[in-house]
Number of protein chains: 2
Amino acid sequence: MPRKFQSQTKKQPEHDVIYQALKDMILFGDFIPGQPLTIMNLAETLGASATPIREAIRRLTAERALETQENRRVAVPHMTPALLEELDFLRLTIEPELARRAAPHVTPDEIDALERHDDELEHAINIGDVKLYMKANYAFHFTLYQRAEAPTLLKVAESIWLQIGPALRVGCGRFGTAKLTDQHVETTKALRNGDFDRVSTSIREDIIQGMDFVRHSLK
Amino acid sequence: MPRKFQSQTKKQPEHDVIYQALKDMILFGDFIPGQPLTIMNLAETLGASATPIREAIRRLTAERALETQENRRVAVPHMTPALLEELDFLRLTIEPELARRAAPHVTPDEIDALERHDDELEHAINIGDVKLYMKANYAFHFTLYQRAEAPTLLKVAESIWLQIGPALRVGCGRFGTAKLTDQHVETTKALRNGDFDRVSTSIREDIIQGMDFVRHSLK
DNA sequence: GACGGGAACTTTTGATCAAAAGTTTCCACA
DNA sequence: TGTGGAAACTTTTGATCAAAAGTTCCCGTC
């Protein structure tokens, strides 16, 4: 078997598949803050046995995407003003940096891909599809961040987004996606112009707006 | 049973105990970079069965303290210049901030405790006890950071330290602890004077020195 | 000697189940 | 009515084992 095809054929372990599935569900708002999750129920729903479910849950707990309560039950964490403040600080220190580092490595083809994600995001806002909005928004940010070649920073960013996902979803549910104007055009323009500082600052603006939305929807 | 004593008596799950044990071993240099770990071997060594070991490993993998290779084996990650650069950036953005946030909440009693950790660190340097040095150093930083009441930032800091632990240990093994001068007196002084900015900047200095040591020992 | 293939071996993985932990229900009794 | 506590029930947890995945070693062939 040629080495280049191995990664496609090599079977992913079940616990990894489940981790990815749960991660997406948290990221794109399938769970609401505070929602309890039971191993048994997840095993039934996802068609797996308890062991791989537990491993996936431990990973997500370590990433603060889930929390285990004192009675051993697992739940989606609630958003609080204090947590939001911490996440605000983290996003503003990590993500503009990721964007700045990514900028020099983004190819014209990849900018096209970013614009397609942005078009999808626009479309989602227009038709009011919250989940599609969240997916397109995630895709835009993380295809950019991926190019930073900074896996450790990227991992921190993913953890942050996992913690925001559920709260963002309820915010969109309450106020719709209407209030969310699109900040991403600025970013792609700056990428085309090779203006790396502006890539970073435009992401910063996007974060400020996004977190304001979450903060507002918390009240 | 009175509620206030529950947390002391409530039995910790095995996977949690193992997680803590492995975490300490990584943090204080019991493993060297690149060292492979097998579930079977850990199960035997730690006197447990595979299931809780696997859960602990998944958590530590999520925290980048361990990595699973493409062949499903688990190993302690190697330190690389690129990783060190990322960790440098993260430490410098997260830890001075934790120190600054903690400073106003640290009581005189707690400053005394910090100084005791620092004495122990001095003592460890004098007798050349690497592991004691690492424990005292960790205790100093994290008793301070804990008071920041910023659990999410704290978790990021812990993940960073877990990634540095093994490399720091080999550095100390090669050069001894002699080169590590004690920067912590500055921090405790600033705490006593209520000079919160200087608490933050002195931690910054400490980080720069510590990371220089690791960088130097990489070559 | 170098290479390919397969047998023997080791390790990880996922399903299962009994035991432990935690929750709920309900009834006796004040 | 309200309280305590046992019983029934649910969920998590850890041990175990068979199957899958991965590695090593050896032998026959070139």
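Owing to the predicted nature of the structure, the values given are computational and were not obtained by experimental measurement. Below, chain A is the first sequence line, B the second, and so on; all start at residue 1. Every heavy atom of this structure was used, including side-chain atoms; hydrogens, water molecules and symmetry mates were not.
- Below 30°, between 30° and 60°, or above 60°: for A/Phe142 and A/Tyr138 the angle between ring planes is below 30°, a parallel geometry.
- Spacing between atom CD1 of B/Ile57 and atom P of D/dG14 amounts to 15 Å, rounded to whole angstrom units.
- Mapping A/Ala48 and B/Arg73 onto DNA chain C by nearest heavy atom places B/Arg73 at the nucleotide closer to the 5' end.
- Protein atom CD of A/Gln69 is 13 Å distant from nucleotide atom C1' of D/dT12, rounded to whole Å.
- The distance from atom CD of A/Glu55 to atom C1' of C/dT12 is 10 Å, rounded to the nearest whole Å.
- Counting to the nearest Å, the P atom of C/dA15 and the CG atom of A/Leu42 are 14 Å from each other.
- Between B/Arg101 and B/Glu97 there is a salt bridge, since at least one side-chain N of the basic residue sits less than 4.0 Å from a carboxylate O of the acidic one.
- Among the nucleotides C/dT13, D/dT11, C/dG14, the one closest to any side-chain atom of B/Ile39 is C/dT13.
- Within the nucleic acid shown, B/Thr51 comes within 4.0 Å of at least one base atom, counting heavy atoms only.
- An OP1 or OP2 oxygen of D/dA21 is reached within less than 4.0 angstrom by a side-chain nitrogen or oxygen of A/Lys11.
- Spacing between atom CG of B/Leu46 and atom P of D/dA15 amounts to 12 Å, rounded to whole angstrom units.
- The side chain of B/Ser49 approaches D/dG14 more closely than any other nucleotide in the set C/dA15, C/dT11, D/dG14.
- One can find a donor-acceptor pair under 3.5 Å joining the base of D/dG14 and the side-chain atoms of A/Arg54.
- Residue A/Arg72 places its side chain closer to D/dT12 than to any other of C/dT11, D/dT12, D/dG14.
- Between A/Leu37 atom CG and D/dT12 atom P the separation is 10 Å, expressed in whole Å.
- Proximity of A/Asn71 to the phosphate of C/dA21: no side-chain N or O atom is located under 4.0 Å from OP1 or OP2.
- B/Thr61 is not listed as a side-chain neighbour of A/Arg59, based on a closest heavy-atom distance of 4.5 Å or more.
- C/dG14 atom P lies 10 Å from atom CD of A/Gln12, rounded to whole Å.
- Between the P atom of C/dG14 and the CZ atom of B/Arg58 lies a distance of 8 Å, rounded to the nearest Å.
- Remark: the backbone N or O of A/Ala62 is not paired with any side-chain donor or acceptor of B/Glu63 at under 3.5 angstrom.
- Here the CG-NZ distance, from B/Asp24 to B/Lys131, works out to 8.5 Å after rounding to the nearest 0.5 Å.
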